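What follows is a short report on a single structure.
Throughout, numbering of the chain's residues begins at 1 and tracks the sequence. Given the structure is predicted, the values throughout are model-derived calculations rather than measurements.
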Amino acid sequence: MIISEIELFEALSQQLGAEKAKTLVKYVEAKVDKRMEENTSVFATKEDLARLEGKLTVKLTETKAEIIKWMFIFWVGSVGVLSGIMFAMLNAYLK
């Protein structure tokens, strides 16, 4: 439920009087404005998103290259181990 400043003033002035209601409405307005300022400082602009996307692209490219490098090293190691086992088995069988 959204209540306007005027509705808030009218509701409070009946209970508290005009001066206290006016002071309270100003206080609420100031709190709302402060909260909005805090929230808008968190929003990202298009430039922020573009800069972040560029950094992520570079990071993903570096990560992809590292993964490919380690996959190749693992593959070469696996082929070497399997070749050694096969050589040892053939050598033992042929003797």
Side-chain angles (χ1 to χ4, degrees):
M1 178 177 158
I2 299 175
I3 186 168
S4 72
E5 297 163 7
I6 295 171
E7 292 172 332
L8 180 63
F9 175 76
E10 288 173 356
L12 290 174
S13 64
Q14 293 173 0
Q15 298 291 323
L16 303 173
E19 278 303 310
K20 288 183 180 179
K22 186 177 180 181
T23 304
L24 191 56
V25 169
K26 284 184 180 182
Y27 175 76
V28 170
E29 286 177 348
K31 284 295 225 180
V32 168
D33 289 343
K34 183 179 178 185
R35 181 70 53 96
M36 288 299 292
E37 270 184 37
E38 290 172 357
N39 288 342
T40 55
S41 67
V42 177
F43 295 143
T45 62
K46 288 182 182 179
E47 292 83 20
D48 293 337
L49 294 176
R51 193 174 335 116
L52 180 62
E53 184 179 354
K55 288 180 182 178
L56 286 176
T57 303
V58 169
K59 185 71 174 170
L60 286 174
T61 304
E62 291 172 0
T63 304
K64 185 178 176 182
E66 285 290 314
I67 290 172
I68 291 171
K69 178 181 79 173
W70 284 107
M71 284 176 59
F72 182 75
I73 291 170
F74 178 76
W75 179 76
V76 168
S78 297
V79 168
V81 169
L82 286 174
S83 298
I85 291 171
M86 288 179 63
F87 179 75
M89 289 177 71
L90 283 174
N91 199 15
Y93 179 74
L94 294 177
K95 280 188 179 184

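For residues 45-57, the pairs satisfying side-chain hydrogen bond (donor to acceptor under 3.5 Å, both in side chains) are Thr45-Glu47, Thr45-Asp48, Asp48-Arg51, with sequence neighbours left out. Applying the salt bridge (charged side-chain N to carboxylate O under 4.0 Å, His left out) test to every pair with at least one member in residues 67-79, sequence neighbours left out, gives these pairs: Glu66-Lys69.
Atom CD1 of Ile68 is separated from atom OG1 of Thr63 by 11.0 Å, given to the nearest 0.5 angstrom. Distance NZ/Lys31 to NZ/Lys34: 5.5 Å, rounded to 0.5 Å.
Linking Ile, Leu, Val, Met, Phe, Trp and Tyr whenever their side-chain heavy atoms come within less than 4.5 Å leaves Ile73 and Val81 in two separate clusters.
Listed by chain and residue number, Trp75, Val76 satisfy the side-chain contact (heavy atoms from CB on, under 4.5 Å) test with Phe72 (two or more places apart in sequence, or in another chain).
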